[in-house]
Amino acid sequence: MATNDEVPSEGPYDVTPILHSRYFVLPGSAAIMGTLIGGVRGSRRASLRFLAENAHRPPTTVQGWYFYNKTKNYRRMAAGLQEGSLNAMKLGVTALVWVGIEDGLERCGQPWAEARELGAGVGTASIFALVYRLPWRSGRQAMCLGGVVGGGMGILRWARSYLEAV
C-alpha cells in the first residue's frame, strides 16, 4: 500500500511522448561533428600560422627544434580546442533551431505537419541569414538551399513511411 509520499506506478516514467529522440540526438551529433571539424580546421590553421610567423628564424640546434615543435603542437592543440568548441556550439544551436521549428510545425496540425521538414529547412536558413546579416541575394540562396535540404528530408520521411506500409 502506497503512503502519501509514494506514488504507485506500473514502471519507470517514460518521457518519449514529451521528448522525441531527435531533440537530443540531432543537436548532440551536430555538436560532435562540429567539434571534429573545428578541431581539425583550427589546428591546421594554427600550424600554418606558426610556420608563417617563424619562417624567418628557423631553429639551428636540436634543442631549438624540440622547443619549436613543442610550442607548435601546444598552439595547434589550443587552437583546435577553441575552434572545435566554437563550431560545436554553432552547429548544435543550428540543429536545435531545426528541431524546434520542425516540432513547432508538427504541433500546428495537419496542413503544416506534412511540410515540417521543408519549413524547418527554410526557417533555419532564414534565421541563419538574419543572424549573419547576409545580403538579400545570399539569404535567398541560403533559403533555397534550406528548402532543398528540407524537401529531401521530407522525401526521405515519405519513403520511409511508404516502405513501412509495404
Side-chain angles (χ1 to χ4, degrees), residues 9 11-53 69-164:
S9 66
Y13 182 70
D14 188 18
V15 297
T16 50
I18 301 167
L19 292 175
H20 298 287
S21 64
R22 67 176 182 256
Y23 290 152
F24 46 88
V25 170
L26 187 63
S29 60
I32 290 171
M33 289 305 297
T35 301
L36 294 175
I37 292 169
V40 169
R41 290 179 66 202
S43 67
R44 194 173 292 159
R45 188 180 314 149
S47 176
L48 291 174
R49 181 181 299 131
F50 189 81
L51 180 66
E53 289 173 354
N69 286 321
K70 180 179 173 184
T71 305
K72 182 178 81 168
N73 289 337
Y74 280 142
R75 289 196 182 173
R76 282 186 70 178
M77 285 188 288
L81 290 172
Q82 184 179 9
E83 187 81 17
S85 61
L86 186 65
N87 279 2
M89 184 190 67
K90 286 179 183 179
L91 280 177
V93 168
T94 302
L96 193 62
V97 167
W98 175 289
V99 170
I101 292 173
E102 186 180 2
D103 185 58
L105 289 175
E106 186 178 357
R107 290 177 190 238
C108 282
Q110 193 48 251
W112 298 103
E114 291 299 318
R116 64 180 181 252
E117 290 91 0
L118 181 66
V122 173
T124 304
S126 302
I127 292 172
F128 182 84
L130 287 173
V131 167
Y132 285 100
R133 296 181 184 154
L134 296 178
W136 173 244
R137 180 181 169 111
S138 299
R140 197 173 59 216
Q141 288 175 346
M143 285 184 249
C144 288
L145 183 61
V148 167
V149 171
M153 295 291 289
I155 289 171
L156 288 174
R157 179 178 52 89
W158 173 82
R160 179 180 174 194
S161 64
Y162 178 76
L163 290 174
E164 285 176 352

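Positions are given from 1, in the same order as the sequence printed here. This is a predicted model, so every value here is computed, not measured.
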Report the distance from atom [atom1] of [X] to atom [atom2] of [Y], rounding to the nearest 0.5 Å.
{"X": "Leu91", "Y": "Leu86", "atom1": "CG", "atom2": "CG", "answer": "10.0 Å"}
{"X": "Leu118", "Y": "Ile155", "atom1": "CG", "atom2": "CD1", "answer": "10.0 Å"}
{"X": "Ser138", "Y": "Met143", "atom1": "OG", "atom2": "CE", "answer": "10.5 Å"}
{"X": "Arg76", "Y": "Leu48", "atom1": "CZ", "atom2": "CG", "answer": "8.5 Å"}
{"X": "Asp103", "Y": "Arg116", "atom1": "CG", "atom2": "CZ", "answer": "9.0 Å"}

Self-check item: Result of checking Thr94, Val93, Val97 against Ile127 for side-chain contact (heavy atoms from CB on, under 4.5 Å)
Solution: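 Testing Ile127 for a side-chain contact (heavy atoms from CB on, under 4.5 Å) against Thr94, Val93, Val97 leaves exactly one candidate, Val97.
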Quiz item: Just wondering, are more than 12 heavy atoms of other shown residues or ligands nearer than 6.0 Å to CZ in Arg157?
Solution: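 Counting other residues, nucleotides and ligands, CZ of Arg157 exceeds 12 neighbours.
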Self-check item: Glu106 atom CD: more than 12 heavy-atom contacts under 6.0 Å
Solution: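 More than 12 heavy atoms, drawn from other residues, nucleotides or ligands, come within 6.0 Å of this atom.
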If you compare all heavy atoms of [X] against all heavy atoms of [Y], which two are closest, and at what distance to 0.1 Å?
{"X": "Leu96", "Y": "Pro27", "answer": "CD1-CG, 3.8 Å"}
{"X": "Arg41", "Y": "Asn87", "answer": "NH1-ND2, 4.4 Å"}
{"X": "Ala31", "Y": "Ala88", "answer": "O-CB, 3.3 Å"}
{"X": "Trp98", "Y": "Thr124", "answer": "CA-OG1, 3.4 Å"}
{"X": "Gly146", "Y": "Ala125", "answer": "CA-CB, 4.3 Å"}
{"X": "Lys72", "Y": "Ser47", "answer": "CD-OG, 4.1 Å"}

Quiz prompt | For Ser85, all residues meeting side chain to side chain contact (heavy atoms under 4.5 Å, CB included), sequence neighbours excluded | solution =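 Per chain and number, Ser85 pairs via side chain to side chain contact (heavy atoms under 4.5 Å, CB included) with no residue.
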Practice problem: Report the residues that fulfil ring pair (Phe, Tyr, Trp, His ring centres under 6.0 Å) with Trp158, sequence neighbours left out, ordered by chain and then residue number. | Solution: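 With neighbours one apart ignored, the set is Tyr162.
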Self-check item: Phe24 vs Val99 side-chain heavy atoms within contact, under 4.5 Å
Solution: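 The answer is no, as the side chains (C-beta and beyond) never meet within the 4.5 Å cut-off.
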Quiz item: After noting the C-alpha distance and the side-chain angles of Arg45 and Glu83, does the key distance pass the side-chain contact (heavy atoms from CB on, under 4.5 Å) rule?
Solution: CA-CA 10 Å; Arg45 188 180 314 149; Glu83 187 81 17; 3.9 Å; yes
